[in-house]
Structures are given as structure tokens and as C-alpha cells.
Amino acid sequence: MARKMRTAQEAIAGLQDGMTIMVAGFMGTGTPEILIDAILEKGVKHLTVICNDGGLPRGWYNEYDTPRGTGKLLEAGVIDHLIASHVGLTPLVGKGIVDGTMECTFVPQGSLVEKIRANNFGLGGVLTSTGVGTIAAEGKMQIEIDGKMYLLEKPLRADYSLCRASVCDEFGNFLCNKTTKNFNYLMAGAADHNIIATERLVKTGELDPDTFQHSGVLVDMIVEGEKPWQI
Amino acid sequence: MARKMRTAQEAIAGLQDGMTIMVAGFMGTGTPEILIDAILEKGVKHLTVICNDGGLPRGWYNEYDTPRGTGKLLEAGVIDHLIASHVGLTPLVGKGIVDGTMECTFVPQGSLVEKIRANNFGLGGVLTSTGVGTIAAEGKMQIEIDGKMYLLEKPLRADYSLCRASVCDEFGNFLCNKTTKNFNYLMAGAADHNIIATERLVKTGELDPDTFQHSGVLVDMIVEGEKPWQI
Amino acid sequence: MADLKTRIAKRCAKEFKDGYVANLGIGLPTMVSSYLPEGVHITLQSENGFTGLAGTCERGEEDSEIINAGGGYVKVTPRVNYFDSATSFGIIRGGHVDATVLGAMEVDEKGNLANWIIPGKMYAGMGGAMDLVNGAREVVIAMLHQQFDKKTGASKPKILKECKLPLTALGVVDIIVTEMCVIKVTKEGLVLTELHHDYTVEDVIAATEAHLIISPDLKPYDITE
Amino acid sequence: MADLKTRIAKRCAKEFKDGYVANLGIGLPTMVSSYLPEGVHITLQSENGFTGLAGTCERGEEDSEIINAGGGYVKVTPRVNYFDSATSFGIIRGGHVDATVLGAMEVDEKGNLANWIIPGKMYAGMGGAMDLVNGAREVVIAMLHQQFDKKTGASKPKILKECKLPLTALGVVDIIVTEMCVIKVTKEGLVLTELHHDYTVEDVIAATEAHLIISPDLKPYDITE
């Protein structure tokens, strides 16, 4: 069987300047830090990043905290374009926009979810009333059905998706604890290359299959060594 | 806290002749039999049923087998209109169409899934290439995006959804074992009134919350007493 | 000011029925859950992916795997249920959230809402706000009746004929609760339904740019202070 | 006949690469998994909601909670993963199934496929077939080259200039494997790429209504019998 195990470096070996990545997690929680670290180590630049937010900035909860997730990429200045729903916690995005060093596209969170899912699950798009009559509707096709107006939200693609599992088996079946699920169950499979960094790796068949909450079919590469966040 | 526990009879007390119901399950597996039995006992007629299939006919696997799920409703002749993807195992549907006693609308399975999900999750519809150029496209809006043609699949609504859990807590958080998941995680919440019949009922907080795979917020009523199918 | 906000939170709490699933914005809206009527128990949803929010953590109580939609570490109830963002926004957009309480910068006669961006100032993004106000069955705006300008000391109306700021959504607001009154959004326009005893109808009209229909059945502001 | 079907299944199996996720139709297509080349291990998907299908159960082995897409009780591999129908069809439609092998009533020069309904006869519904042929990365049609009519004893072509039966999908077929040959669907039309040694090119042309482009690189039918 084609094996999926990789080191973090091997997993992102094909990631090049200018590519688009999806980063799972919500304000850092559920983001695969070892994959973010590998990107910085490799020195990839000019990324387009699809992420709910900008992660967390340095010293957010404790003064010794490093940035988390997308916050690390922001601090390193390697994001040209961020596609997100909320960046209120990461002033570097606002600064980047003002300085002209980066672009930011805001998408309502539920629409961001569906755009990622549509790409993962082969839909041409979804219709939503969210954003109708607002600046979030700019440039989007509007369709009236039975007297109600909807926006067409099209799929969002990426070259790589970076996800984080609490437990993953060698086939890629995985689960995420508590609120670390967020975008992990959506982004896995949504990109051309889908990487899972896992806290705990188990052998295939070691756990009851119903323990897992998501399918290994959607996972291309698995990296061990993700750690719990230390508060 | 408003309690959700009901008897099967109480749960379907509001179900009237001519209403639309969603029946979860795939060829009977994962269908809540005690709710189907309660419908027959109440004598409701002229139902529109949204179900992947026609359940299973009498004696399908063992000669002493009763019909299963929607198959019971077919045998009782209480379905006026079936919306399904496949009825090859239940000849009563074909007979009903020929006899003029019932109507059947076929929807590709993946589109059926998304139409139910769209109603549950508040989408105006989804775009899919499935069915383009076929009779499944009849009467549907077609939209061309970036040179590719899609069908608009609109939400499917129902008065009641009948789902089956392997384990459910008193708030309605639930899980379904193995291949009994199928439409249960989609239909719960998709109707105006959503009923779960469960094999095992646990107290709220009795199990690790991450054991559950679906949210009790989507469940309005819970009925105990569902049994495993005897082969 | 704190008293006025408490008053608003108390009145908002009256909108909740037992068993409601609710999503509360940050600040004043979060206070609402502290003033629920006796016998009313609600389930709080957090849009990052769970229902069963209980409150914020003290230092040392944190679980690094449990945060709320603001990124803070929080406590959960025994009936907590965790899910991914697709289910979370499915719950929100699909009408499974009974009520949301949010602040506003501006509300207008058509129930249009602006509460996410002030052009020119740095902005944060809409997050889940546009989804919430479109999806929740009842949208309650909880806010001080007017905007107080610290520099000039003047107050200016937030309930307008027409919103000037970029909208969060069209026609979504159901009810506006301020320290002065309760206003319901109807097809006919804004209807003043409850008045706090500290104010007259004329006070409210003076503090409101929008046209107000005075309910023939105008009642006192419904809380016991 | 059984030999011919085995031949077709063996040739189809050559289309699979190690690690493929595949969905096999009932009948002949199901036989394909028995003839995988050495070192090629695949994962079988069942559209009702799992990957890791292993085979059908003997009486007494059944688990009432494990059925396949045909409603039969089946065995599963250790790497089995169960999911709901939304994920299942997401996997199918999203291009996560590398290959599907299906039978056909008719295929035409444009790769159009008809395999789900014969008007006038009782029909069963398309189930997941339309989704599978639209979503799978490679659609392999495995079938006897012609339709044999038991009454008349005559055979008639199934590979046509244009499908006559209601379509399952437009332009989805990638490759057609019959007992006679292998045909690839290209933008230019149908290209005969492999020929079984029991037949001549003329035999194939005579059994085919569609126009066939004979590959300048025509190879022998690639199996060891």
C-alpha cells in the first residue's frame, strides 16, 4: 500500500513561492504548528493563505507566547494575500494592508466554510442569502429564486491544505478533539495536496473505526509530532 | 430545560394525512422502525416520503423478514409520492407507478443528499454537474460558470424527519454505528420537526462529548426503544 | 452606564424561552445570559464549533482545546457538543439558533443593520456576524440608544432613517432594546412598544432619527429593577 | 462467457495503481478487485458510506450494521472508515475516487454513457451512478462488446455514434474495455488502442457502430491469460 507517512519537510517539499495554501484552525486552535514551522524554515514566500483568521499574534495570552498558526506567517511577512473572515486579533494584517505589503479578502465565515467544502466535494457553488446587499456581494453573481435573492459562492481552491489531528491512523482516518475540529474536517481533501499533522499516530485497525470522525481517503500525507499548545 | 423525551406516538402526534416526511436509512439500515410502526398504527395516509430508497420488501434476506423502513409504508399503501434515488429492491414502487396509485421522483443520490442538507443548513441551493444533459435535469435551472454547465439543486423540505441513533443523550447529541450513519446526520434538523429513535439512551454528560458525532441542537424529540435488526 | 447596560441585558433576557439555542455577541450581549427569567434555561452556541458554552475561564482552568469564537478559553456545560465549522454554520444559517443578541452601530427603518465596519478606520472582518443575523430566527439588537462622542460630548442617533455605514445585512433586525425603550421592526416600520419610566415618548423621538410609530398599546419597559 | 468476463476484469485491473480509491459496480466490475497486479492494493468505496469494503458475507457472518450500496451484508478491511452520505458523495463528486468501473448499455463517440434506464421497462432509479461517473477521476466501462438478443440470437452494437437511451452523463467515459479490445475516448473520438489476439481490427469495426480511430501504436490486449 502506498504509504502516507512523511516528515514535515517532505510533506511541504513541493510548496513553492506564490502558491495557495489552506490553513485549518480557528485563532490558532487546531492549526498544525509543525507544518507552519516547516514552511518558515523552507523560506517559501508570496503565499496566498485561506484561513478563518490571522491566527494569534505574539504574546496574545501569555507574554512568552510565540505567534500561532497563520500569525507566524504574518510575522514573517510571507503572505501576499489572506482570504479570511476575521482578523481583529492580528493587527499585522491591517498594517500590511495600509503599508501595501499584503492584500486581504474578507468572506463571511459560513460562506468561507461552504466555498472550501464546495471545492472539496465537487460542487460548482452554493447559494446563500448571507452577504446580500452588503459589500460582501461585490463581484458575485446574484440569483433570485422564488422571490428571494442569493449570492453564488464559488469554490475556493488551494495547492496545499494544512490540517491538524488529535489522533490519526496510518491510512489518514482522523479525529480532532473538542473545538480543534473547526476547519480541519473541511480543508482535508479540499486542496490538491492534503497534509495532516497529528498529535497521536495509531496503527491502522488499532482503534474502533467509528472512533475516527473523518475519512483517510481525503488525506494524502501524514506527519507525526504535533504537540498540545502549552498555556 | 425543555425536555425532548417522547413516546413514538407522542412524537408523531402532529403528523397528518398529506404531510411530507424524511425517512433516514439506506435500504432499511439506519431507519427508525419504531417511528414507522407508529405511523402505520396511527393510520396516516397520502404521505410524501423523502428517502434514499424504498427500504426493503417483505422476505428480502430471510423468508420471515417483515418489510423494513419505507418498505413498510409501501406495503401499507400510504405513500402518494416517493422522492428517492433508487428503488430497484422494492417492486411495489414500480407497481404503484403503473397502477397510478403513487408517483416517484428520482434524484441522483448525491444531489438528494445536498438538497436535504441545503434545507437543513439554510442554503438556497447548490450547483452540481451531476445530471447535466440527462432527464434528471428536467425542470431545473441550469447555470454556466467558467464554461461549465451546472444544475441548480434546490432545498427539499419536510414536516417531519425520522432518524435513528445507536446512542443518544437526553439533549439529542447522537451517534450512529458503522453504515447506519447514511442520511441520519443529514435529515436530523432538515424538517420542521425532527425525531430521533435511539437504541441506547444515556444521560447528558454520561459520555465523553466527543463520542457523539452529531449535535442535539438539530433534534427536537427523542424516542427510546429502537432495536438492532435481527438477521 | 453600567446600570443602563444591565437594564438592557435584563430586558433582552425576557425575549428568551426555555430551551432556546442562542448566540450572544461580545460585551453587553454576553451579559444577557446572567439575567434569564426563572425556569428559562438556554443553550449557548459558539460559532467556532460547539453548543454548551458556560463562561470564561480563570487562569489555571484553561483547556487548550476549548476556545470560544473570540479565541478565549472557556468553560462548557455537561451537554456540550463539539462540531466542525460546516455544522456550526449550518446550525446558524439553517435557523437552528433561536435568537442572537448583538450590538449595532446603526439600525434603520427597514431593519437593516450595520455593525461590522467603519470605512477609513482599520477593520476586522465580518467573521460570523453576517451569517448570524441572516440565520438566527430572532435578531435582538442590544445597545445604548445613541452614540456618545467623547471629543464633542454630543450624542447622535444610531436608529436612523437609512443606515449610512456599510451594511451587515438587509432587513434582519426584529427588535431593538435600548436603555430608553423597546422598538419592534415591522413591515409598517419601527414601532415603539415599551417605554422606560425615566423617559417620555418625546425623549425617544428626539433621540431617534428614524420615524417611530407609537404603539396604541404602548407598555412600560418590561423588567423589575 | 465467464471466460470473456474474466478477461475483461483482468484487463480493467491493469488500470489501477497502488493506493487507488475505487468504486466498482455490481456484476463484472466487482470481479476486477480479484485480479489486481502484484503490489497493487486499492481501497474500495461503497457509496452508502464507507471505504474499506472487503467482500460479501457468508450466512452467519453478517453484521446488521454493515451493508454495501446494494443492501447486502459485507465484510470490511482493518482500515475501514464509516461516514455519512454527505461525506460519501463528497468523496465521489470531489474527485477523491480515483477510478470507477461500471457496465453500460450504450457508450458513444463523445464518451456519453447510458446505463441506468430503459424507457417502457420498469426502472430502478439512478442511485449514485450519475454522481460516480461525473465525479470519479477515471471512468472505466467494462462490458461485452455487443448486446446479445436471446430471442433473435443476433448481436447488436453497444458502442454507438450517438447513445439512443436516456443518458447517465455527458462525455464522462475515459476507457472502454471489452472482450475484443480496449478503446480510449479522446477529443478526436474513439481510439482503438489494444486488440485481443482472437480478433482482427475488421472484427472490431464490424461489431462497433461508432467510428473508430485505429491507433498507429495499436498494441496487443494487455493481459496474460
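Only heavy atoms go into these numbers, but all of them, side chains included; no hydrogens, no water, no symmetry mates.
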Subject >> Flag, side chain of B:T179 to backbone of D:I67, donor-acceptor distance under 3.5 Å >> reply: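 At least one qualifying donor-acceptor pair exists.
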
Original post:
Is it true that a side-chain atom of D:D84 and a backbone atom of B:Y185 form a donor plus acceptor pair closer than 3.5 Å?
Top reply: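 No; zero donor-acceptor contacts below 3.5 Å.
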
**OP:** Check whether any side-chain heavy atom of D:R59 lies under 4.5 Å from a side-chain heavy atom of B:N62, and answer yes or no.
**Re:**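 They are in contact (side-chain heavy atoms under 4.5 Å apart), so the answer is yes.
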
**OP:** Measure the shortest side-chain to side-chain distance between B:I231 and D:D63 over non-hydrogen atoms and say whether it is less than 4.5 angstrom.
**Re:**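 No. Closest side-chain heavy atoms not under 4.5 Å.
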
**OP:** Considering only heavy atoms and a distance below 4.5 Å, find which of D:G72, D:G49, D:A69 pairs most often with chain B.
**Re:**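 Between D:G72, D:G49, D:A69, the count favours D:A69.
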
Nearest-0.5 Å distance, [atom1] of residue [X] to [atom2] of residue [Y]:
X: B:T134; Y: D:L167; atom1: OG1; atom2: CG; answer: 7.5 Å
X: D:E65; Y: B:N177; atom1: CD; atom2: CG; answer: 4.0 Å
X: D:S88; Y: B:F26; atom1: OG; atom2: CZ; answer: 8.5 Å

Give me the atom names and distance for the closest heavy-atom approach of [X] to [Y].
X: D:G128; Y: B:Q109; result: N-OE1, 3.5 Å
X: B:L186; Y: D:A86; result: CD2-CB, 3.5 Å
X: D:M126; Y: B:A136; result: CE-CB, 4.2 Å

Heavy-atom contact with chain B under 4.5 Å, split by part of [X]:
X: D:A169; answer: backbone
X: D:I117; answer: side chain
X: D:T168; answer: backbone
X: D:F83; answer: backbone
X: D:F89; answer: side chain

Subject >> For chain D, the option from B:L112, B:V87, B:T90, B:D53 that forms the most heavy-atom pairs under 4.5 Å >> reply: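 Ranked by heavy-atom pairs under 4.5 Å with chain D, first place is B:V87.
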
Original post:
Does the side-chain hydrogen bond (donor to acceptor under 3.5 Å, both in side chains) test come out yes or no for B:S111 and D:R93, once each step is laid out?
Top reply: CA-CA 10 Å; B:S111 298; D:R93 292 168 159 213; 2.7 Å; yes

Original post:
Under 3.5 Å, is there a donor-acceptor pair linking the side chains of B:N182 and D:S85?
Top reply: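 Side-chain D/A pair, B:N182 to D:S85: absent.
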
Original post:
Which atoms of B:E114 come close to chain D, meaning under 4.5 Å heavy atom to heavy atom: side chain ones, backbone ones, both, or neither?
Top reply: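 Contact with chain D is through the side chain of B:E114 alone.
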
